[in-house]
Amino acid sequence: MKAVQYRKVGRPPEVVEVPVPEPGPGQVLLKVTAAGLCHSDLAVMGWPEEQFPYPLPLTLGHEGVGTVAALGSGVTGVAEGDEVAVYGPWGCGRCRACAEGNENCCPHAVPLGIMPPGLGSPGALAEYMLVDSPRHLVPLNGLDPVQAAPLTDAGLTPYHAIRRSLPKLVPGSTVVVIGVGGLGHLAVQLLRALTPVRVVALDVNKEKLELARSVGAHETLLSDAEASARLRELTGGLGAEVVLDFVGVEATLAVAAASVATGGDVTVVGIGGGTLAVGLGGGLPFEVSACAPYWGSRVELMDVLELARRGLVASHVETFSIEEAPAAYERLHAGDVNGRAVVLPHG
Ligand code: NAD
Ligand code: ZN
Ligand code: ZN
């Protein structure tokens with residue numbers, strides 16, 4: 001089968017021919033119908049050799065949707081032909097966090113060597129993929145696979161980030177969304193579907209700002225040196241109750257710090273390498289909470305898929321064949337993908 005692999009640190013990803021994997025005991029083999037490309041894949045491919053944490057070659061893709069193709073011994077609860085989305089942040093399945101569905105917070109995954117598909121384990125950018133347990137599969141129940149693939153990360157991650165701030169998202173509050181790409185365009189829709197807040201979206205690219213408006217942002221601003229002053233103005237000098245930063249570089253974190261209100265939340269989702277100083281006298285208003293969340297829970301993935309089924313959120317996608325995946329990554333790197341790039345391994 002064809003797979004998109006990162007084979008050598010510093011080299012671009014390649015489409016290669018590899019054997020179709022066989023499901024071992026407890027595993028499920030999926031025929032992949034759609035797989036999303038995430039900016040985190042570019043971050044991974046930018047890491048230096050001495051810090052690179054995963055075995056190579058690595059089949060990329062941590063946003064996967066597929067049809068159950070074969071079951072390993074002992075697997076129950078799913079059947080061949082079922083259409084499912086893959087919950088990616090795999091945990092040990094036995095601890096308290098995992099029992100609550102928060103496998104993204106499993107403290108045992110790293111020590112046990114359990115790695116998400118596409119982020120250590122073979123991922124979804126292939127014609128077939130292995131899933132380690134049927135508990136990682138969430139039924140699509142009629143949802144379009146191309147729509148669903150981005151929801152497993154680009155939808156789930158902002159949903160998880162927004163949920164922690166829900167008590168602050170009351171009528172009259174303002175939320176700033178910095179970076180309206182794959183995650184950001186879904187964040188705008190999730191905020192509109194779940195809350196009565198005013199959404200202000202920031203990006204460096206005018207087309208992304210147009211997308212932000214078309215999916216529900218009330219205001220859009222170019223992310224430049226004047227952005228924080230304009231945000232202050234828009235909030236009557238008080239600042240925004242919540243800032244969601246989907247970029248996470250020094251410049252956007254400075255905008256976040258300068259535009260959050262007293263008692264507000266700064267949530268840094270982007271892995272741009274910037275840091276935010278927290279501490280009295282450190283530049284943030286009093287009582288601000290800062291968080292760098294990771295992905296989301298299995299239950300939250302169920303919620304996001306249900307929001308899509310009800311037509312409350314929709315992924316804006318551009319589709320590619322598997323051969324086009326390396327070029328699609330180049331486009332993502334250049335900032336030329338509006339919404340999410342989704343690869344269809346079987347055309
Ligand atoms: P993307 O490339 O689709 O979108 C990024 C957007 O940010 C683009 O629209 C780009 O124009 C915009 N941007 C770039 N520089 C900017 C600036 N200075 N100010 C404002 N906007 C700017 O990326 P994505 O796939 O949506 O991922 C967003 C970030 O979230 C990435 O850093 C990714 O690695 C990270 N991520 C984190 C998690 C997590 O669990 N924390 C999960 C998924 C992705
Ligand atoms: Zn991702
Ligand atoms: Zn666990």
Side-chain angles (χ1 to χ4, degrees), residues 35-46 60-64 88-112 114 116-119 123-124 135 149-161 176-188 201-212 220-225 227-228 244-256 267-274 291-296 315-318 328-329 331-341:
L37 305 193
C38 180
H39 207 107
S40 298
D41 300 331
L42 299 176
V44 166
M45 291 187 272
L60 295 161
H62 56 269
E63 287 186 344
W90 299 347
C92 73
R94 307 181 66 85
C95 72
R96 196 169 199 286
C98 286
E100 290 191 314
N102 301 320
E103 299 204 24
N104 55 318
C105 295
C106 175
H108 307 293
V110 171
L112 288 172
I114 299 168
L119 297 166
R135 85 172 182 278
L151 299 178
T152 61
D153 172 26
L156 173 57
T157 302
Y159 183 75
H160 176 65
V176 178
V177 172
I178 306 179
V180 196
L183 274 68
H185 90 287
L186 284 159
V188 169
L202 264 68
D203 206 292
V204 287
N205 178 316
K206 287 197 172 135
E207 276 175 49
K208 316 266 173 134
L209 292 179
E210 275 168 34
L211 176 62
T220 55
L221 291 177
L222 265 180
S223 182
D224 57 18
S228 31
L244 300 169
D245 185 350
F246 294 101
V247 183
V249 297
E250 295 296 343
T252 56
L253 289 169
V255 170
T267 304
V268 186
V269 179
I271 46 179
C291 179
Y294 173 58
W295 222 328
S315 317
H316 184 90
V317 298
E318 188 176 344
Y329 273 121
R331 294 251 321 266
L332 184 63
H333 184 70
D336 283 345
V337 173
N338 212 359
R340 201 56 146 184

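In each ligand, atom 1 is the first atom listed, and ligand 1 is the first ligand listed. What you see is a predicted model, and the numbers here were worked out from it, not measured in a lab.
- Inter-residue side-chain proximity for Leu60 and Met45 is flagged as met; some heavy-atom pair is nearer than 4.5 Å.
- Smallest separation of non-hydrogen atoms from Tyr329 and Asp41: OH-OD2, 2.7 Å.
- Close approach of ligand 1 to Lys208 is summarised as follows: ligand atoms under 4.0 Å from at least one heavy atom of the residue are 8 (C), 9 (O).
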Leu222 and Leu209: CA distance, side-chain angles, deciding distance, side chain to side chain contact (heavy atoms under 4.5 Å, CB included) verdict: CA-CA 8 Å; Leu222 265 180; Leu209 292 179; 4.1 Å; yes

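- Rounded to 10°, the angle formed at the Zn ion (ligand 3) by SG of Cys95 and SG of Cys98 is 110°.
- Of the protein's non-hydrogen atoms, Val247 CG2, 3.7 Å is the one closest to atom 13 (N) of ligand 1.
- Of all heavy-atom pairs spanning Leu202 and Ala227, the tightest one is CD2-CB, 3.8 Å.
- Distances from ligand 1 to the non-hydrogen atoms of His185 include no value under 4.0 Å.
- Closest to atom 25 (O) of ligand 1, if we only count protein heavy atoms, is Arg340 NH1, 2.6 Å.
- Inclusion of His108 in the first shell of the Zn ion (ligand 3) is not supported: no N, O or S atom falls under 2.8 Å.
- Residues Arg96 and Glu100 are paired through a salt bridge, judged by an N-O separation under 4.0 Å between the basic side chain and the carboxylate.
- The residues Arg331 and Glu318 are annotated as salt-bridged, a charged nitrogen and a carboxylate oxygen being separated by less than 4.0 angstrom.
- Here the angle at the Zn ion (ligand 3) defined by SG in Cys106 and SG in Cys92 stands at 100°, rounded to 10 degrees.
- Atom 44 (C) of ligand 1 has as its closest protein heavy atom Ser40 OG, 3.2 Å.
- Between the Asn104 side chain and the Tyr294 main chain, a donor and an acceptor come within less than 3.5 Å of each other.
- Residue Thr252 touches ligand 1 through its side chain alone, judged by heavy-atom distances below 4.0 Å.
- Each of the following atoms of ligand 1 lies closer than 4.0 Å to a heavy atom of Val180: 9 (O).
- Using a non-hydrogen distance threshold of 4.0 Å, Gly248 does not register as a contact of ligand 1.
- The Zn ion (ligand 2) is the vertex of the angle joining SG of Cys38 and NE2 of His62, which measures 110° to the nearest 10°.
- Near Ile178, the atoms of ligand 1 lying under 4.0 angstrom from a non-hydrogen atom of the residue are 20 (C).
- Here is the list of ligand 1 atoms found below 4.0 Å of a heavy atom in Tyr294: 40 (O).
- The main-chain N or O of Leu37 is found under 3.5 Å from a side-chain atom of Arg340 such that the two form a donor-acceptor pair.
- Between Val269 and Ala161, the shortest heavy-atom distance links the atoms CG2-CB, 4.1 Å.
- Scanning all heavy atoms of the two residues, the minimum distance from Leu112 to Cys92 falls at CD1-CB, 3.9 Å.
- At a cut-off of 3.5 Å, with distance as the only test, no side-chain donor of His316 or Asn338 sits close to an acceptor on the other residue.
- Using a 4.0 Å cut-off to heavy atoms of Thr157, the atoms of ligand 1 that qualify are 38 (C), 39 (C), 40 (O), 42 (C).
- Thr252 and Asp245 form a side-chain donor-acceptor contact under 3.5 Å, judged by distance and modelled atom types alone.
- The single protein non-hydrogen atom nearest to atom 3 (O) of ligand 1 is Gly182 N, 2.9 Å, given as residue, atom name and distance.
- For atom 2 (O) of ligand 1, the closest non-hydrogen atom of the protein is His39 ND1, 2.6 Å.
- Lys208 places no side-chain N or O within 3.5 Å of a backbone atom of His185 that could act as its donor or acceptor partner.
- Within the structure, the closest approach of Ala251 to ligand 1 does not fall below 4.0 Å when heavy atoms are considered.
- Sparse packing is recorded around CD of Glu207, with 12 or fewer heavy atoms of other residues, nucleotides or ligands lying under 6.0 Å away.
- Atoms of ligand 1 lying under 4.0 Å from at least one heavy atom of Asp153, given by number and element, are 42 (C), 43 (C).
- Between Thr220 and Ala212 the shortest heavy-atom distance is CG2-CB, 4.1 Å.
- For atom 17 (C) of ligand 1, the nearest non-hydrogen atom from the set Leu37, Val204, Val255 belongs to Val204.
- Judged by distance alone, the side chain of Trp295 and the main-chain N or O of Cys105 form no donor-acceptor pair under 3.5 Å.
- In the vicinity of Pro293, heavy-atom distances shorter than 4.0 Å reach the ligand 1 atoms 39 (C), 40 (O), 41 (N).
- Scanning the protein for heavy atoms near atom 35 (C) of ligand 1, the closest one is Val269 O, 3.6 Å.
- Of the protein's non-hydrogen atoms, Asp203 OD2, 3.6 Å is the one closest to atom 8 (C) of ligand 1.
- Those atoms of ligand 1 with a heavy atom of Trp295 less than 4.0 angstrom away are 39 (C), 40 (O).
- Shortest contact from atom 29 (C) of ligand 1 to any protein heavy atom: Phe246 O, 3.1 Å.
- Counting heavy atoms closer than 4.0 Å to ligand 1, residue Ile271 contributes atoms from both its backbone and its side chain.
- When only interatomic distances are considered, the shortest N/O to N/O separation between Ala43 and ligand 1 does not fall below 3.5 Å.
- The nearest N, O or S atom of Asp153 is closer to the Zn ion (ligand 2) than 2.8 Å.
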